[in-house]
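Quick one: the structure is below, questions incoming.
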Amino acid sequence: QVQLAESGGGLVQAGGSLRLSCAASGRIFSTWTMAWFRQAPGKEREFVAAIKWGVGSTYHADSVKGRFTISGDNAKSTVYLQLNSLRPEDTAVYYCATRPGSSWSLSQLQSTSGYMFWGQGTQVTVSS
């Protein structure tokens, strides 16, 4: 079993920054993929970014490219999401998720199905 715990959310003004963390515990391997999704009120959960532990490849949604950066510390089993230049439309609950393996296509990475474990989420609120 794998447990994921997000932290770092909060209230920030537009243009500000936050750093989210996701600590994984349990049987997680260096070949796994970890990702961040977000869900705003009344909307579906959407892909934000992913990192393939084994190869170190990262992927970001077009809506956050150039503003958000995913990174990871394999030794600590922790993945981070640096959020810069935040906008009110970034307001959402941000979730960390993980799935075995790293041979996933971009479309598979972007889909919520296939991710076996999810965290409880952390709220990010951006005021205008």
Side-chain angles (χ1 to χ4, degrees):
Q1 191 73 351
V2 174
Q3 295 81 40
L4 302 176
E6 303 98 332
S7 62
L11 173 63
V12 64
Q13 289 187 332
S17 297
L18 285 172
R19 189 193 196 201
L20 307 183
S21 298
C22 173
S25 59
R27 292 182 59 80
I28 187 166
F29 301 98
S30 62
T31 55
W32 285 34
T33 295
M34 296 192 75
W36 287 96
F37 287 78
R38 67 185 181 184
Q39 188 166 19
K43 295 187 177 181
E44 293 187 352
R45 194 167 296 188
E46 65 173 358
F47 172 79
V48 176
I51 183 168
K52 295 180 177 179
W53 281 125
V55 296
S57 301
T58 61
Y59 306 84
H60 298 82
D62 289 342
S63 59
V64 306
K65 278 181 181 177
R67 301 189 300 121
F68 294 6
T69 303
I70 189 170
S71 63
D73 186 332
N74 205 337
K76 296 181 179 180
S77 295
T78 299
V79 64
Y80 306 98
L81 186 67
Q82 179 68 40
L83 290 67
N84 296 329
S85 303
L86 281 161
R87 305 167 180 169
E89 54 264 38
D90 295 319
T91 295
V93 177
Y94 284 70
Y95 296 91
C96 177
T98 189
R99 63 194 298 172
S102 58
S103 300
W104 307 110
S105 67
L106 180 57
S107 61
Q108 289 172 318
L109 291 176
Q110 294 173 330
S111 173
T112 56
S113 61
Y115 285 91
M116 293 179 61
F117 302 100
W118 292 82
Q120 292 300 307
T122 185
Q123 176 71 46
V124 172
T125 303
V126 185
S127 63
S128 58

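Remember, predicted model here, so these are calculated numbers, not experimental data.
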Does any pair with a residue in residues 42-95 pass disulfide (SG to SG under 2.5 Å), and if so which ones, sequence neighbours excluded?
none
Closer than 4.0 angstrom, basic N to acidic O: yes or no for Asp90 and Arg87?
no
For Thr33 and Gly101, indicate whether the former's side chain and the latter's backbone hold a donor-acceptor pair under 3.5 Å.
yes
Counting N and O atoms only, with roles assigned by atom type, does the side chain of Lys52 sit under 3.5 Å from a partner on the main chain of Ser57, one being a donor and the other an acceptor?
no
Determine whether Gln123 and Thr91 make a side-chain contact, defined as any pair of heavy atoms from C-beta on separated by less than 4.5 Å.
yes
Over all heavy atoms of both residues, which pair between Leu4 and Ala24 is shortest? Give the atoms and the distance, please.
CD2-CB, 3.5 Å
Is the closest side-chain heavy-atom distance between Tyr94 and Glu6 below 4.5 Å?
no
Gap separating the CD atom of Gln110 from the OG atom of Ser107, nearest 0.5 angstrom:
7.0 Å
If we only count heavy atoms from C-beta on, is the Val126 to Val124 side-chain gap below 4.5 Å?
yes
Using modelled atom types only, decide if a donor and an acceptor are shared between the side chain of Arg38 and the backbone of Ala92 within a distance under 3.5 Å.
no
For Gln120, does the CD atom sit with more than 12 other heavy atoms under 6.0 Å from it, leaving out its own atoms?
no
Residue pair Leu86 / Leu18, side-chain heavy-atom distance below 4.5 Å:
yes
With sequence neighbours excluded, what pairs up with Ser127 under the side chain to side chain contact (heavy atoms under 4.5 Å, CB included) test?
Leu11, Gln13
Mind checking who shares a hydrophobic cluster with Leu106, ILVMFWY linked at side-chain heavy-atom distances under 4.5 Å?
Phe37, Phe47, Tyr59, Val93, Tyr95, Trp104, Leu109, Tyr115, Trp118
What pair of heavy atoms forms the shortest contact from Pro88 to Ala14, and how long is it?
CD-CB, 4.2 Å
So which pairs with a foot in residues 23-85 pass disulfide (SG to SG under 2.5 Å), sequence neighbours left out?
none
May I have all residue pairs that pass disulfide (SG to SG under 2.5 Å) and include part of residues 34-128, sequence neighbours excluded?
Cys22-Cys96
Just list the side-chain donor-acceptor pairs under 3.5 Å for residues 68-81, sequence neighbours left out, or say none.
from: Asp73; atom 1: OD1; to: Ala75; atom 2: N; distance (Å): 3.1
from: Asp73; atom 1: OD1; to: Lys76; atom 2: N; distance (Å): 3.3
from: Thr78; atom 1: OG1; to: Lys76; atom 2: O; distance (Å): 3.0

How about Leu20 and Gln82: do any of their side-chain heavy atoms sit closer than 4.5 Å?
no
